[in-house]
Asks: 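Structure provided below as structure tokens; questions to follow.
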Amino acid sequence: MAVKPVTAEAKTTTVYVCKLSKSQRAAKAWIAQRESGGNYRARNGIYYGKYQLTISMLHGDYSKANQEKTADRYTHSRYGTWTKAKRHWLSHGWY
């Protein structure tokens, strides 16, 4: 009787830990709801994911963790905070 070798593939999972305050998390969630209904797979032309980031910003990594990290970086770089990004969204209809 031949013994079949057992192989296991280890999947690496990247977890994103959000370090935002309660008010910043609320503004971020509000924007995500308006942009995609909170859907990580939402697509609109060149925009993808929960925060409707450009596909090029995600560098081929469409994971939830990368979308969260990239959205935080983008928002911090452009607006400073999620609450300021929300204010911009309210006055312009986008962030």
Asks: What heavy-atom pair brings L20 and Q24 nearest, and what distance separates the two atoms?
Replies: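 Result for this residue pair: CB-CB, 3.8 Å.
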Asks: Share the residues that join Y40 in a hydrophobic cluster, the rule being Ile, Leu, Val, Met, Phe, Trp or Tyr side chains under 4.5 Å apart at the heavy-atom level.
Replies: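 Traced through the cluster, Y40 reaches no other member.
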Asks: Looking at residues at least two apart in the chain, or sitting in another chain, which of them share a salt bridge (charged side-chain N to carboxylate O under 4.0 Å, His left out) with K50?
Replies: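 Checked K50 against salt bridge (charged side-chain N to carboxylate O under 4.0 Å, His left out); matches are E68.
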Asks: Give me the atom names and distance for the closest heavy-atom approach of A65 to V15.
Replies: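 Result for this residue pair: CB-C, 4.4 Å.
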Asks: Do the side chain of T75 and the main chain of A71 share a donor and acceptor less than 3.5 angstrom apart?
Replies: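 Yes; judged by distance alone, with no hydrogens or angles, the pair exists.
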Asks: Please list all pairs meeting salt bridge (Lys or Arg N to Asp or Glu O under 4.0 Å) that have one or both residues in residues 29-39, counting only residues at least two apart or in different chains.
Replies: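 Applying salt bridge (Lys or Arg N to Asp or Glu O under 4.0 Å) to every pair that reaches into residues 29-39, excluding sequence neighbours, yields nothing.
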Asks: For the residue pair M57 and T70, what are the closest heavy atoms and their distance?
Replies: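 Between these two residues, the closest heavy atoms are O-CG2, 3.8 Å.
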Asks: Y62: what forms a side chain to side chain donor-acceptor pair (under 3.5 Å) with it, not counting sequence neighbours?
Replies: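 If we apply the side chain to side chain donor-acceptor pair (under 3.5 Å) test to Y62, skipping adjacent residues, there are no hits.
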Asks: Output, in order, the C-alpha distance, side-chain angles, deciding distance and verdict of side-chain contact (heavy atoms from CB on, under 4.5 Å) for Y51 and Y74.
Replies: CA-CA 10 Å; Y51 304 98; Y74 166 75; over 6 Å; no
Asks: Just jot down the side chain to side chain donor-acceptor pair (under 3.5 Å) partners of Q52, sequence neighbours excluded, or say none.
Replies: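 Here no residue qualifies.
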Asks: Applying side chain to side chain donor-acceptor pair (under 3.5 Å), can you list everything that pairs with S91, at least two apart in sequence or on another chain?
Replies: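 Once residues adjacent in sequence are excluded, S91 has no partner under the side chain to side chain donor-acceptor pair (under 3.5 Å) criterion.
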Asks: How long is the gap from OG1 on T83 to NZ on K28, to the nearest 0.5 Å?
Replies: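 One gets 13.5 Å once the value is rounded to the nearest 0.5 Å.
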Asks: Please report the closest heavy-atom contact between I31 and K86, naming both atoms and the distance.
Replies: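 That closest heavy-atom pairing would be CD1-N, 3.7 Å.
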Asks: Mind checking whether I55 and R43 have side chains closer than 4.5 Å, heavy atoms only?
Replies: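 In contact.
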Asks: Parallel, tilted or perpendicular: which fits the ring planes of H88 and Y79, with parallel below 30° and perpendicular above 60°?
Replies: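 Judged by the thresholds at 30° and 60°, the geometry between H88 and Y79 is tilted.
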Asks: Just by distance, do the side chain of N66 and the backbone of D61 share a donor-acceptor pair under 3.5 Å?
Replies: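 Yes; at least one donor-acceptor contact below 3.5 Å.
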Asks: What heavy-atom pair brings S36 and A42 nearest, and what distance separates the two atoms?
Replies: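 The pair with the smallest heavy-atom distance is CB-CB, 3.6 Å.
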Asks: Please name the residue in the list L58, L53, T54 that meets the side-chain contact (heavy atoms from CB on, under 4.5 Å) test with S56.
Replies: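 Of L58, L53, T54, side-chain contact (heavy atoms from CB on, under 4.5 Å) with S56 is met by T54 alone.
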Asks: Would D72 and K19 count as a salt bridge (charged side-chain N to carboxylate O under 4.0 Å, His left out) here? Give the steps.
Replies: CA-CA 10 Å; D72 282 347; K19 297 179 182 178; over 6 Å; no
Asks: Anything under 30° is parallel, anything over 60° is perpendicular, the rest tilted; go ahead and classify Y95 against W82.
Replies: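 Tilted: the ring planes of Y95 and W82 meet at 30° to 60°.
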